[in-house]
Amino acid sequence: MPHLLDIEYRDGHIILWIKQGSKCTPHRVGYYPRIYLECPVHNRHLISTLPQVRQVRVEQKITSLGQEPQDVLAISLDDWGGVFNLADMLEQRGWRAYNVDLPPTRQFLLENGLFPMAQLDPQLHLDDDQQTTDYSLPELTTLELDITPQSGRNPCFSDPLRDIRLGDHIFEGMPEADMIENLSSTLKRLDPDVILTHGGDSFQLPYLYHRAAKTGASLQLGREKDEPPPQNKGRSYFSYGRIIYKPGGYQLRGRLHIDSQTFIVKEGGMQGLIDLGRITGIPLQQLSRLSPGSAVTALQVNQALKDGVLVPWRRNLSENFKTAEELLRSDRGALILEPRVGIYENAAEVDFTSLFPHIMVTKNISPETVLCECCPDSPERVPFIGYNICQKRLGLIPRVIGPLIKRRMTYKKMADGGSEEHRMMQNVLKWLLVTSFGYMGFNKARFGRIECHESITAYAREILLQTMEIAQGLDFDILHGIVDSLWVRGSGDPRELCDLVSETVGIPLELKGHYHWIVFPSNRNNRAGAMNRYFGLMTDGKMKVRGIELRRRDTPRFIRKLQHDMLDQMKCASTVDELYNNLPSVLDVVRRYADEILSGRADPEELVFTTHTRHKLEDYRQKGSQAAALYQLREEGVDVQPGQAVQYIHTDHRSRNFHNRVKVAELIEPGTLYDRQKYYDITLRAAESLLRPFGYDREVLDDVVMGSEQMQIEGF
DNA sequence: ATCACCCGGGG
DNA sequence: GTGTACGGGTGAT
């Protein structure tokens, strides 16, 4: 049976790439995409005279969630090219444009009920169900592509090619142009459906196109000539509290270029990507390069369009900053307790799975249901803040999130049978659920509303408080609690607690596990409990560690290994007494690592910090390590975008010139010396993170290490 | 002391 | 195209 592999739009046509048997062929269909306009209908004749407008019709549509349908103009376009200018011009007249950022491919799929990887009948009509979790896929042929330049550490476009690997084929030891043309002809012969790269967007493909242009070789990666060679530039954007650098995507015609270094592919694999493509209706090459937040928005947009609701263009785009009042109101987040500092035996951890999504569904939280005008006297009130919630209809968000939760649960069950594919599929859905909450409070979200965000966290606070009460009723001590998790200790059975709470609250509370022992350290500066740091040994033998250095991506490998080795020693203990008895062997580990640092034997490569820059060099107001690293890289002619990582070691921390305090990893040579005093300090600090709860602070550790007889330090 | 700057998830 | 807020830590000024 044929399947829809990919879809593109150009020159007024939709091109469907249909995979049947071992062949994949393009089918062209004329198509006129549409935008909508809210304006007095007598303007339709005026608008139909505009260039590129093909037809104007009056339709009944809902322009805002929760409102009644009204007359709007549906404007069909000959071409999508100038659509933003057109929409801009129309909005400048005081009218409102809709569906402007709904690309023609998605419009076509939605109108025809199609989706990527849908099964079709021989007449190419849909023979599939978009919502099913049990579907058949075509046999896709996949080839991995790897491109290596001649230089080692810091590859750049001026380096000539060393080799090209395509599946089992290797092209090397020949002129560059021959390698590239061999690649093109081999691709044509093997005709894979998918080209898989590891970082193809960020370096390998732009580099390959550059080399092809330079040598005059003809390069074709897609099933049709890729023209013009993609030139889309990368971008930096703000997400999850940090700048993320996103390279421009290199998409092919009739063949899927999938870069494994994208979020959705990393989290869901090819199976998760296809599954998401089916339910979102976004072509796979685009989808693979989106954030989970965009994917969940797509689901909401699809549902809205099905309901006859139009999607406004550039909603809230001007509101980049919240007002002081908004900030004040929205910062009442979920509940976080201050942990009871100390070391505990026999603790249990219980978690609500997908707490926020469950709240949205069971409490009917949606932009049009919270504070709705139709039920001002609704008995359903948001705790603490008293908002009324609609009783008459189920909101858009619950209608999207409900099926998503179900779908994830289906895959989770299948994954419990050991299926890796289903594990990946449920995993990527988990991320959609997680971000569906955050989007509610995002001022640029399509269907977000701050009152929804507030309501969800208010319910979450109430539910966690309720859970604590029930736990205390069952004689549990509460050790710690974060948003949707609770750590308890007591003589009772935590399973009983989970059952009782699940029953009372209506949202499943799961027993995450028991701890032989768990440690909640205090802050480094005061005696209070640190809210996001703990580590403990679970009864299944696994160590759970949060917040300390080894969890951070900027931590050098050396420090990570130190803490891993220390924890490995602690792992031998299954009681607090044994833990204390084991401390000498933990201290031995610290001594060994400190010794290695002080003697100068440590490998500089192991000492590299990796941090992601948030600004360009000029915009750094403080001359710290990041700025120094950027400066050194610029001297080498390397341009680093905000969001890209820089790597450096401390070479002379006390130097008066900040340029000399660090050295970027790219410049490390065999003779490069690191700052021993500085790294000794860092090493002891990392050791202290794990040992302070046992009474070993920085000074004690210093004595332990320096006091040992075998220490002979040169240079001190 | 205060400000600037980084990280945080799961398996 | 793009969740925020905030706690925790380190280092510069």
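Both backbone and side-chain heavy atoms feed into the values below; hydrogens, waters and symmetry mates do not. A note on names: the letters A, B, ... follow the listed sequences, proteins ahead of strands, and every chain is numbered from 1. Predicted, not measured: the structure shown is a model, and the values here were computed from it.
One interatomic measurement links the two molecules: CD1 of A/Ile264 to P of C/dG1, which rounds to 12 Å at whole-angstrom precision. B/dG11 atom P lies 19 Å from atom CD of A/Glu421, rounded to whole Å. Atom CD of A/Glu454 and atom P of C/dA5 are 12 Å apart (whole Å). Look at CD on A/Gln626: it is 20 Å from P on B/dC3, rounded to the nearest Å. What separates CZ of A/Arg553 from C1' of B/dC5 is a distance of 13 Å, to the nearest Å. The CG-C1' distance, from A/Leu550 to B/dG11, rounds to 14 Å in whole Å. Between the C1' atom of B/dC5 and the NZ atom of A/Lys616 lies a distance of 18 Å, rounded to the nearest Å. Note: CG (A/Asp351) to P (B/dG9) measures 14 Å, nearest angstrom.
Among residues two or more places apart in sequence or in another chain, the ring-ring contact (aromatic ring centres under 6.0 Å, His included) test is passed with A/His257 by none. Applying the side-chain hydrogen bond (donor to acceptor under 3.5 Å, both in side chains) test to A/Arg340 and every residue at least two apart in sequence or in another chain returns nothing. Applying the side-chain hydrogen bond (donor to acceptor under 3.5 Å, both in side chains) rule to A/His514 yields no partners; only residues at least two apart in sequence or on another chain are considered. In this structure A/Glu688 satisfies the side-chain hydrogen bond (donor to acceptor under 3.5 Å, both in side chains) test together with A/Arg524, A/Arg692, sequence neighbours excluded. Qualifying side-chain hydrogen bond (donor to acceptor under 3.5 Å, both in side chains) partners for A/Gln300, counting only residues two or more places apart in sequence or in other chains: none.
Between the P atoms of B/dG11 and C/dA5, the separation comes to 27 Å (whole Å).
Among the heavy atoms of the strands, none lies under 4.0 Å from A/Phe609. Using a 4.0 Å heavy-atom distance criterion, A/Arg551 is classed as a base contact. Residue contacts for A/Tyr620: at a heavy-atom cut-off of 4.0 Å it reaches the sugar-phosphate backbone alone, with no base atom in range.
The shortest distance between the side-chain N/O atoms of A/His612 and the OP1/OP2 oxygens of B/dC6 is not below 4.0 Å. The shortest distance between the side-chain N/O atoms of A/Arg614 and the OP1/OP2 oxygens of B/dC7 is not below 4.0 Å. Applying the 4.0 Å criterion to OP1 and OP2 of B/dC5, one finds that A/Thr611 has every side-chain N and O outside that range.
Here A/Glu349 pairs with A/Lys544 in a salt bridge; the nearest charged N to carboxylate O distance falls below 4.0 Å.
For A/Phe437, the side-chain atoms get nearest to C/dG3 when compared with the rest of B/dG9, B/dC7, C/dG3.
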**Report entry** Nucleic acid footprint by protein, nucleotides 7-13 of chain C - heavy-atom cut-off 4.0 Å, B for base, S for sugar-phosphate alone
**Finding:** SBSSBBS
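Using cut-offs of 30° and 60° on the angle between ring planes, the pair A/Phe609 and A/His650 is perpendicular.
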